[in-house]
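Every chain is numbered from 1, with letters handed out A, B, ... down the list of sequences. Because the structure is a prediction, the values reported are computed rather than measured.
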Amino acid sequence: MTDSENNTIASNFIHDIIDRDLAENPELKIHTRFPPEPNGYLHIGSAKAIRINHSTAKKYGGTFNLRYDDTNPEKEDEEYVKSIYEDLLWLGAVPDGGVFYGSDYFEQCYEFAVKLIKDGKAYVCDLSAEDMRLYRGTLTEPGRNSPYRERTVEENLALFQAMKEGVYPDGSKTLRAKIDMASPNMNLRDPAIYRILHTPHHRQGNKWCIYPLYDYAHPIQDALEGITHSLCSIEFENHRPLYDWVIDNIGFAHKPHQWEFARLNVTHTVMSKRYLRELVETGLVDGWDDPRMPTLCGLRRRGYTPAAIFDFLDRAGVSKSLSVVDYELLEHCIREELNLTAERRVAVVDPIKVVITNYPEHQVEYFELPNNPNDETAGKRQLPFTRELFIDREDFAEVPPPKYFRLKPGGEVRLMGAYIIKCEELVKDEQGQIREIRCRADLETGCGMPGDGRKVKGTIHWLSAAHAKDATLMLYDKLFTIEDVSAIPEGKGYGDYLNTASVTKVSHAKVEPVLAGAAPGQRYQFVRLGYFIKDHKYDNTFIRIVGLKDSYPNKK
RNA sequence: UGCGGCAUCGCCAAGCGGUAAGGCAACGGACUCUGACUCCGUCAUUACCUAGGUUCAAAUCCUAGUGCCGCAGCCA
């Protein structure tokens with residue numbers, strides 16, 4: 001995705017806000033950031049945050065930072081730092097402003113906290129977690145002041161330093177912002193801004209035993225990096241007053257502003273990192289990059305491209321209303337791209353033998369098939385034709401349903417790129433199963449031959465039995481049977497709606513010979529079937545990205 | 001029960017007082033050696049959560065309701 005393409009993305013309410021800000025201050029250089037906590041793998045919901053922050057910066061000629069929000073050492077790990085970076089680069093959202101770590105600002109966070117204490121705006125509180133909750137009040141009742149709220153500046157300073165030096169055990173004290181215990185906004189009821197945690201940090205080691213909390217650290221990080229627009233998801237909307245409080249009371253000259261947008265939800269899948277982890281850990285899926293997962297590594301393995309993902313995100317739009325976007329929109333986006341770019345190949349999912357009775361036994365002839373009929377420049381390839389062929393079992397019906405125009409007894413059908421054949425006889429075994437379909441070809445109708453122009457209604461794909469290669473096809477389906485997982489009734493869980501048939505492994509598919517050399521990651525359209533990608537994890541395996549649309553009346 | 005947010009077609013979503021964009025899905029039809037693609041057409045008209053009101057004119061403004069989401073971590 002190039003910058004010029006980014007400029008074409010539709011406007012949204014965030015752009016309106018920026019336009020307004022720019023009208024007031026034409027000198028403003030837009031600066032955004034993507035601040036993931038390295039506690040899991042990125043998913044398509046994260047990609048929305050990336051897309052919004054990144055494309056907004058690009059649209060206005062601004063700068064985009066990646067910042068690991070690593071203020072909670074208990075949940076974070078280098079494994080995730082690495083994967084997040086890979087996924088971000090894969091998407092093409094280059095952090096041209098730099099890569100930062102929230103933990104690199106610990107020193108400054110500490111100094112700002114000392115300043116707040118000196119200004120009488122923060123205090124050390126000895127309340128236990130449970131007591132703090134009691135004192136906080138409820139949604140409808142105001143809270144009560146902590147008995148430690150009026151400690152002197154000197155006492156607070158000494159206590160906070162002792163906290164830092166490791167004098168106190170985990171949970172025994174916190175540093176709290178002195179705001180308003182009666183605020184109708186719970187976040188303003190003297191929120192804890194530092195906690196004691198004798199846990200080593202994945203980057204800082206044992207340097208710290210007190211850690212700043214999100215609401216305190218985030219605005220500082222934004223201010224220090226010169227972020228102008230801190231675009232985050234809507235559950236932080238109630239935190240905005242606290243975000244502004246921190247900026248104002250520390251006294252930053254540069255004031256970043258937080259704006260919120262609705263999170264992304266997609267039908268038939270789940271965005272909860274907690275639950276995705278559970279799927280991985282219980283073995284219900286084959287790792288974080290299982291092709292059914294909404295993770296970026298899962299989508300990548302499934303064959304989705306960054307362009308299709310961004311296209312999807314852009315089409316889904318940006319607003320503040322809770323929504324669940326149809327998975328079919330994502331499928332549409334990848335189909336649209338791959339229709340233009342994927343070369344066509346033949347694969348037969350469930351082979352059944354067809355014998356061309358009037359074709360010589362040992363003859364081989366080659367037909368040229370276009371790599372992409374919609375794109376002349378894609379060139380052609382050769383497909384061997386012999387007396388014995390495979391076609392897909394679905395393309396033959398002994399008792400055809402209405403409007404069936406594939407192969408049927410006595411019927412004619414076109415073998416794509418080759419002859420028109422007529423079904424004349426069925427050979428069955430003792431059980432009555434069809435062993436082979438015997439057909440007669442109209443040998444004048446091959447591509448470029450005199451009868452080339454003859455029309456029949458149906459066209460099916462085929463493979464020379466002697467030349468076809470074996471391959472494994474992985475056919476994935478939706479992870480959950482329920483459309484909107486947030487609508488799961490009480491008493492039921494995600495597990496009750498897991499699609500038990502979300503994967504079908506086809507071990508004995510046949511593919512055309514040239515596919516034996518397909519490079520991992522290569523995408524194709526298997527003609528009349530769908531788009532597939534050669535897997536990089538398992539040999540000789542093709543993963544179905546998405547099927548072709550099918551308007552056959554009896555389908556679906 | 002407090003505070004904040006959101007309510008426009010099956011799903012997203014424009015609209016910012018001047019008479020309901022667009023995309024996906026769906027449904028017709030044309031084309032077709034992929035029942036794909038492409039193309040053409042249909043798809044909110046006592047209509048914009050409801051009820052009142054202001055106005056020549058309201059999805060847009062006002063009033064009163066209703067519904068849904070978020071918030072009571074020393075998580076982010």
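- Thr71(A) comes within 4.0 angstrom of sugar-phosphate atoms only, judged by non-hydrogen atoms across all strands, and of no base.
- Using atom C1' as the reference point in both C9(B) and A25(B), the two lie 11 Å apart (nearest Å).
- Residue-level contact check: Pro36(A) touches neither bases nor backbone, having no heavy atom under 4.0 Å from any strand.
- Cation-pi contact between Arg67(A) and Phe100(A): absent, since separation from the ring centre below 6.0 Å together with deviation from the ring axis within 45° is not met.
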With 3.5 Å as the limit, what N/O pairs link the protein to nucleotides 8-11 of chain B?
{"unit_1": "C11(B)", "atom_1": "O3'", "unit_2": "Val324(A)", "atom_2": "O", "d": "3.3"}
{"unit_1": "C11(B)", "atom_1": "O2'", "unit_2": "Val324(A)", "atom_2": "O", "d": "2.9"}

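- The base-pairing partner of C11(B), taking Watson-Crick or G-U wobble contacts with both distances under 3.5 Å, is G23(B).
- The side chain of Ser551(A) places an N or O atom within less than 4.0 Å of a non-bridging phosphate oxygen (OP1 or OP2) of A36(B).
- Comparing the P positions of G17(B) and U1(B) gives an interatomic distance of 35 Å, to the nearest angstrom.
- Between U50(B) and U45(B), the distance separating the two P atoms is 14 Å to the nearest Å.
- U63(B): Watson-Crick or G-U partner is A51(B), with both key distances under 3.5 Å.
- Among the heavy atoms of the strands lying under 4.0 Å from Ala316(A) are primed sugar atoms or P, OP1, OP2 only; no base atom is included.
- Between U66(B) and A59(B), the two P atoms lie 24 Å apart (nearest whole Å).
- Separating the CG atom of Leu330(A) from the C1' atom of C12(B) is a distance of 13 Å, rounded to the nearest angstrom.
- Using N1 to N3 plus N6-O4 or O6-N4 for Watson-Crick, or N1-O2 and O6-N3 for G-U wobble, each under 3.5 Å, G28(B) pairs with C40(B).
- No cation-pi contact links Arg240(A) to Trp245(A), judged by a cut-off of 6.0 Å to the six-membered ring centre and 45° from its axis.
- The nucleotide G70(B) finds its pairing partner in C3(B), both defining distances of the Watson-Crick or G-U wobble pair being shorter than 3.5 Å.
- Residue contacts shown for Asp69(A) are limited to sugar-phosphate atoms, with no base heavy atom under 4.0 Å away.
- Using a 4.0 Å heavy-atom cutoff across all strands shown, Arg344(A) reaches at least one base atom of the nucleic acid.
- At whole-Å resolution of the value, OH in Tyr135(A) and P in G73(B) are 16 Å apart.
- Across the protein-nucleic acid pair, Glu394(A) atom CD and G35(B) atom P stand 12 Å apart, rounded to whole Å.
- No contact: Cys125(A) has no heavy atom under 4.0 Å from any strand.
- Spacing between G65(B) and A21(B) at atom C1', rounded to whole Å, works out to 31 Å.
- Remark: Arg51(A) qualifies as a cation-pi partner of Phe310(A) under the 6.0 Å distance and 45° angle criteria applied to the six-membered ring.
- Relative to the ring axis of Tyr552(A), Arg406(A) places its NZ or CZ within 45° and under 6.0 Å from the centre.
- For Glu141(A) and U1(B), a side-chain-to-base donor-acceptor distance below 3.5 Å is absent, hydrogens and geometry of angles not being considered.
- Residue-level contact check: Asp215(A) touches neither bases nor backbone, having no heavy atom under 4.0 Å from any strand.
- Counting any heavy atom pair closer than 4.0 Å across all strands shown, Asn39(A) reaches no nucleic acid atom.
- Among the heavy atoms of the strands lying under 4.0 Å from Lys455(A) are primed sugar atoms or P, OP1, OP2 only; no base atom is included.
- Taking syn as a glycosidic angle within 90° of 0, G10(B) does not qualify and is anti.
- Within the nucleic acid shown, Phe236(A) comes within 4.0 Å of at least one base atom, counting heavy atoms only.
- Looking at Gln258(A), its side chain does come within 3.5 Å of a backbone N or O of Phe236(A) through a donor-acceptor pair.
- Annotation: Arg263(A), atom CZ; neighbour count of heavy atoms from other residues, nucleotides and ligands within 6.0 Å does not exceed 12.
- Using atom P as the reference point in both A20(B) and G29(B), the two lie 30 Å apart (nearest Å).
- Positionally, the nearest nucleotide of RNA chain B for Pro184(A) lies more toward the 5' end than for the other of Ile460(A) and Pro184(A).
- Between Thr140(A) and Ile196(A), the residue anchored nearer the 5' end of RNA chain B, judged by the nucleotide with its closest heavy atom, is Thr140(A).
- Nucleotide G17(B) is matched to nothing when pairs are restricted to Watson-Crick or G-U wobble geometry with both distances under 3.5 angstrom.
- Within 4.0 Å of His218(A), counting heavy atoms only, lies no atom of the nucleic acid at all.
- Within 4.0 Å (heavy atoms only), Phe405(A) reaches at least one base atom of the nucleic acid.
- Nucleic acid contact class of Ser319(A) (heavy atoms, under 4.0 Å, all strands): sugar-phosphate only.
- Using a distance-only test at 3.5 Å, with no hydrogens or angles considered, no donor-acceptor pair links the side chain of His202(A) to the main chain of Glu76(A).
- Spacing of C1' atoms, G28(B) relative to G35(B), comes out at 16 Å, to the nearest Å.
- Residue side chain Arg528(A) does not reach the base of G35(B) through any donor-acceptor N/O pair under 3.5 Å, judged by distance alone.
- Side-chain contact check for Glu225(A) and Tyr105(A): at least one donor-acceptor pair (N or O, by modelled atom type) lies under 3.5 Å.
- Taking a pair to require two hydrogen-bonding distances under 3.5 Å in either a Watson-Crick or a G-U wobble arrangement, C33(B) remains unpaired.
- Across the protein-nucleic acid pair, Leu139(A) atom CG and U1(B) atom C1' stand 9 Å apart, rounded to whole Å.
- The side chain to side chain contact (heavy atoms under 4.5 Å, CB included) test with Cys125(A) is passed by exactly one of Leu175(A), Leu159(A), Asp131(A), Thr174(A): Thr174(A).
- Backbone-only contact: Leu213(A) has heavy atoms under 4.0 Å from sugar-phosphate atoms and none from a base.
- Under the 6.0 Å distance and 45° angle rule, Arg344(A) does not count as a cation-pi partner of Phe526(A).
- One atom, CG of Asp311(A), and another, C1' of C12(B), lie 14 Å apart when rounded to the nearest Å.
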